[in-house]
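Heads up, the thing below is written out as structure tokens.
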2 protein chains.
Amino acid sequence: MTEQTHRRVTSADVARLAGVSRATVSYVMNDTPAQTISPSTRTRVLDAAARLGYSPSAAARTLRTGRSDVVLCLLPDWPIGPEVGSMLGNLSTALARHGLTLVVHPGNREDRPIGEIWKAITPAAVIAYTDFSPGEIVAMRSAGVALVVASLGRGAQPDRRELAVPQQLIGRQQAGHLIAAGHTRLGYAYPDDDRVRIFAEPRLAGVRAECRDRQVGGPATETVALDPEQAASAVRRWHAAGITAVCAYNDEVALAVLAGVRLEGRSVPADLAVIGVDDIPPARLAAPALTTVTTDQVAVAAYLSATVVAAINGRPGPAVPTDDLVHLVRRESA
Amino acid sequence: MTEQTHRRVTSADVARLAGVSRATVSYVMNDTPAQTISPSTRTRVLDAAARLGYSPSAAARTLRTGRSDVVLCLLPDWPIGPEVGSMLGNLSTALARHGLTLVVHPGNREDRPIGEIWKAITPAAVIAYTDFSPGEIVAMRSAGVALVVASLGRGAQPDRRELAVPQQLIGRQQAGHLIAAGHTRLGYAYPDDDRVRIFAEPRLAGVRAECRDRQVGGPATETVALDPEQAASAVRRWHAAGITAVCAYNDEVALAVLAGVRLEGRSVPADLAVIGVDDIPPARLAAPALTTVTTDQVAVAAYLSATVVAAINGRPGPAVPTDDLVHLVRRESA
DNA sequence: CTGTTAGCGCGTTCAT
DNA sequence: ATGAACGCGCTAACAG
């Protein structure tokens with residue numbers, strides 16, 4: 001066993017090798033504007049640092065400055081798909097440009113209380129898809145977390161920014177497309193999973209709003225599990241109610257509806273038009289190919305990033321970019 | 001604007017309120033075994049801590065002990081699906097039982113070098129799906145990261161543990177099922193994405209190995225993009241070669257094959273049997289429902305967790321649980 | 001200008 | 001049960 005005796009390389013080591021003081025090392029490493037350093041010294045320090053493989057202790061820096069460069073994203077319990085995954089990737093890139101590092105904590109049922117998590121990280125900001133209790137917000141504050149960003153939270157609070165990606169727009173776009181295609185009796189395929197309610201409710205609300213605005217009958221809502229049989233019975237009820245088109249919570253639910261229609265011996269879109277959300281890869285591979293609505297994840301990530309950066313600096317966040325965020329992908333199912 | 005003047009609550013505050021020394025606070029908070037504390041003092045300290053909402057500074061603790069309770073998982077660039085997502089959730093739970101907090105860094109092209117990431121966290125362990133350069137390993141060492149766990153890495157190194165989830169088993173199971181069903185000419189649908197090669201290669205190798213062991217013709221490999229047209233041309237080539245069944249890299253690729261077969265006017269499984277990997281929700285909603293192979297994510301998470309914990313404590317890791325990790329989900333496509 | 005000295009931030013731990 | 005020192009980087013004050 002080669003036991004690791006690798007003592008950590010500290011700024012003192014660099015200082016020693018470069019023949020300067022630790023303060024000088026710090027000034028050089030940080031390009032401190034208020035302090036001028038002669039080029040020769042600078043080079044010597046940089047050289048020494050490189051030779052030793054020096055990297056400053058994040059813990060020490062955080063302790064001293066009271067702020068880390070980490071942004072923590074608390075994910076909810078539900079299964080995250082490739083869309084969220086790509087959004088997080090984009091967000092990571094966007095934040096990196098501001099010197100911030102994104103880390104994500106995957107949610108899971110029997111997790112320790114949220115508190116344990118950010119306490120272990122001391123992030124500069126927290127992005128959460130769940131609401132915090134007032135107590136937790138106070139606790140974060142007193143622990144030094146500068147900002148609590150609550151995505152999708154219900155009511156705006158003075159303490160936190162609302163990052164609600166306008167889920168309603170998604171519902172509106174779905175319904176709008178269907179109505180424009182001549183449908184007058186819409187259905188809504190609601191997910192059979194309580195954990196995604198924070199997304200499902202605003203989307204359904206968007207569909208409802210669009211129906212109202214366009215003078216069309218409100219959507220006949222059915223809960224649709226990811227199972228052909230159960231989907232088939234929903235299809236039967238829609239049929240009985242004269243529904244000709246349905247908006248699905250997302251592509252998976254839409255795929256279930258497709259399977260249900262198939263099981264009923266009917267066809268899409270002739271008997272029932274279907275539109276999903278997300279444009280997951282299987283959507284274009286389905287029979288028929290699924291018409292769906294997507295969110296511009298790059299734009300969402302940019303917006304989130306800007307909001308976080310602004311909040312960290314105590315500035316007001318940017319306005320929600322309501323336009324050009326949701327796009328229709330027209331295929332065969334609607 | 002209610003400006004936040006909330007000074008951080010420190011152990012000194014608790015000590016003052018409880019009328020004891022900071023050392024005592026530390027001993028109480030950590031239940032230090034070597035130090036006896038009278039019940040009355042203990043209560044007083046705990047009370048004070050609760051009243052003030054005290055939570056120790058992770059940075060200070062990390063600085064002092066040289067180790068944080070965070071395990072960092074570095075995700076690769078590719079889109080992560082619900083399977084990986086649920087595995088991470090399970091892993092998080094498993095690690096939490098050992099007082100460890102899992103955080104995930106989503107990979108993305110134009111990211112800062114990996115180094116920047118763990119430097120900002122000072123994790124107790126790093127789990128990565130990519131290989132590190134020897135230089136990075138040395139750097140982590142010298143920065144105080146106890147362990148570098150390379151999942152799926154090619155060759156075992158003395159420095160790191162191999163957590164290779166036996167991807168070969170997946171391929172073997174796929175091919176085994178097909179061969180048992182009487183197929184003697186197998187095809188392999190390889191993904192059209194370089195980023196997933198670390199998974200695709202061992203899976204294909206598994207199929208190859210099974211074919212060899214069972215005296216069946218090695219798989220005719222075709223790269224299949226997630227596009228019906230392109231999949232159709234692969235199907236044509238397979239047909240010309242007399243292939244009667246194909247193993248797909250994963251369910252999405254399998255779905256593409258299904259679409260290709262459909263486009264060719266042929267049928268599954270009569271003309272071509274298809275088997276996928278992962279059992280994503282759309283698999284059972286496809287026409288025909290997709291036969292597939294799944295990995296027991298709970299078991300994988302438990303194994304990963306045990307390996308990490310063992311390594312942190314300098315003990316040898318558990319053996320790879322090769323059995324009961326991969327299961328066949330029998331449906332209609334094969 | 002250039003670079004140094006000194007002390008802080010906060011929890012941990014040894015010796016008294 | 002306590003005083004004191006430590007881990008490591010930051011930065012105000014100060015000396016050449």
Side-chain angles (χ1 to χ4, degrees), chain A residues 6-46 48-49 52-69 99 119-122 142-145, chain B residues 6-46 48-49 52-69 99 119-122 142-145:
Chain A
H6 282 290
R7 217 183 32 76
R8 204 183 192 299
V9 176
T10 74
S11 76
D13 297 316
V14 178
R16 204 169 307 129
L17 180 56
V20 296
S21 71
R22 288 168 55 225
T24 303
V25 173
S26 176
Y27 289 135
V28 169
M29 300 305 287
N30 298 347
D31 271 323
T32 307
Q35 187 65 252
T36 33
I37 301 289
S38 75
S40 75
T41 303
R42 173 179 299 276
T43 312
R44 220 148 15 93
V45 171
L46 256 20
L52 294 175
Y54 167 68
S55 68
S57 151
R61 172 186 271 134
T62 300
L63 175 58
R64 182 61 240 234
T65 64
R67 166 132 313 149
S68 80
D69 290 339
K119 279 179 193 169
I121 307 280
T122 323
S142 90
V145 178
Chain B
H6 283 291
R7 221 182 29 75
R8 209 185 188 297
V9 177
T10 76
S11 79
D13 298 315
V14 177
R16 203 170 307 130
L17 180 57
V20 298
S21 70
R22 289 167 52 221
T24 303
V25 173
S26 176
Y27 289 136
V28 171
M29 299 306 288
N30 298 344
D31 271 324
T32 308
Q35 189 66 250
T36 0
I37 301 288
S38 77
S40 75
T41 303
R42 173 179 298 276
T43 313
R44 217 144 22 87
V45 171
L46 257 21
L52 294 175
Y54 168 69
S55 67
S57 151
R61 170 184 273 134
T62 300
L63 176 58
R64 180 63 236 221
T65 63
R67 165 135 315 152
S68 78
D69 291 338
K119 281 179 192 168
I121 306 280
T122 322
S142 88
V145 178

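Note that the structure is predicted; figures quoted are calculated from it, not measured.
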Q.
Given dG9(D), dG9(C), dG11(C), identify the nucleotide with an atom nearest to the side chain of Pro56(B).
A.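 Closest nucleotide among those given: dG11(C).
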Q: Search all heavy atoms of Val45(B) against all heavy atoms of Val14(B) and return the closest pair with its distance.
A: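 That closest heavy-atom pairing would be O-CG1, 3.9 Å.
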**Q.** Minimum heavy-atom distance between Arg44(A) and Ala18(A), given as atom pair plus value
**A.**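 Closest heavy-atom pair between Arg44(A) and Ala18(A): NH1-O, 2.5 Å.
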Q) Nucleotide by nucleotide, 5' to 3', does protein get under 4.0 Å of the base (B), only the sugar-phosphate (S), or neither (-) in nucleotides 2-7 of chain C, counting heavy atoms? A) BBBB-B
Could you tell me the separation between the [atom1] atom of [X] and the [atom2] atom of [N], rounded to a whole number of Å?
{"X": "Leu63(A)", "N": "dT11(D)", "atom1": "CG", "atom2": "P", "answer": "13 Å"}
{"X": "Arg8(A)", "N": "dG7(D)", "atom1": "CZ", "atom2": "P", "answer": "13 Å"}
{"X": "Arg67(A)", "N": "dG9(D)", "atom1": "CZ", "atom2": "C1'", "answer": "17 Å"}
{"X": "Tyr54(B)", "N": "dG9(C)", "atom1": "OH", "atom2": "C1'", "answer": "13 Å"}
{"X": "Arg61(A)", "N": "dC8(C)", "atom1": "CZ", "atom2": "C1'", "answer": "17 Å"}
{"X": "Lys119(A)", "N": "dC10(C)", "atom1": "NZ", "atom2": "C1'", "answer": "16 Å"}

Q: For the helix from dC1(C)-dG16(D) to dT16(C)-dA1(D), measure the angle between the helix axis at one end and the axis at the other, each built from five pairs, rounding to 10°.
A: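 The value is 50°.
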Q: Pick base, sugar-phosphate or nothing for Ser11(A), based on heavy-atom distances below 4.0 Å to the nucleic acid.
A: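 The answer is sugar-phosphate, as Ser11(A) gets under 4.0 Å only of primed atoms, P, OP1 or OP2.
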May I have the list of side-chain donor-acceptor pairs in residues 28-40 of chain B shorter than 3.5 Å, sequence neighbours left out?
residue  : atom : partner  : partner atom : Å
Asp31(B) : OD1  : Arg42(B) : NH1          : 2.9
Ser38(B) : OG   : Ser40(B) : OG           : 3.4
Ser38(B) : OG   : Thr41(B) : N            : 3.3
Ser38(B) : OG   : Thr41(B) : OG1          : 2.8

**Q.** Whether Arg22(A) side chain and Ala12(A) backbone form a donor-acceptor pair below 3.5 Å
**A.**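 Absent.
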Q) Does any N or O in the side chain of Ser68(B) come within less than 3.5 Å of the main-chain N or O of Thr122(B), such that one atom is a donor and the other an acceptor? A)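 Judged by distance alone, yes, a pair lies under 3.5 Å.
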Q | Test side-chain hydrogen bond (donor to acceptor under 3.5 Å, both in side chains) applied to Ser21(B) - qualifying residues, sequence neighbours left out | A |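 Once residues adjacent in sequence are excluded, the partners of Ser21(B) under the side-chain hydrogen bond (donor to acceptor under 3.5 Å, both in side chains) criterion are Thr24(B).
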(Q) Looking at dG9(D), I'd like to know if its phosphate oxygens (OP1 or OP2) sit under 4.0 Å from a side-chain N or O belonging to Asn30(A). (A)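 The answer is no; no side-chain N or O of Asn30(A) sits under 4.0 Å from OP1 or OP2.
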Q: Please check the phosphate of dC10(C) (OP1 and OP2 only) for any side-chain N or O of Ser57(B) closer than 4.0 Å.
A: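 The answer is no; no side-chain N or O of Ser57(B) sits under 4.0 Å from OP1 or OP2.
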Q) For Ser57(B), which residues count as a side chain to side chain contact (heavy atoms under 4.5 Å, CB included) partner, sequence neighbours excluded? A)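 Checked Ser57(B) against side chain to side chain contact (heavy atoms under 4.5 Å, CB included); matches are Leu63(A), Arg8(B), Ala59(B), Ala60(B).
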Q | Pairwise salt bridge (charged side-chain N to carboxylate O under 4.0 Å, His left out) hits with a residue in residues 12-21 of chain A, at least two apart | A |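 Only Arg7(A)-Asp13(A), Asp13(A)-Arg16(A) qualify under salt bridge (charged side-chain N to carboxylate O under 4.0 Å, His left out).
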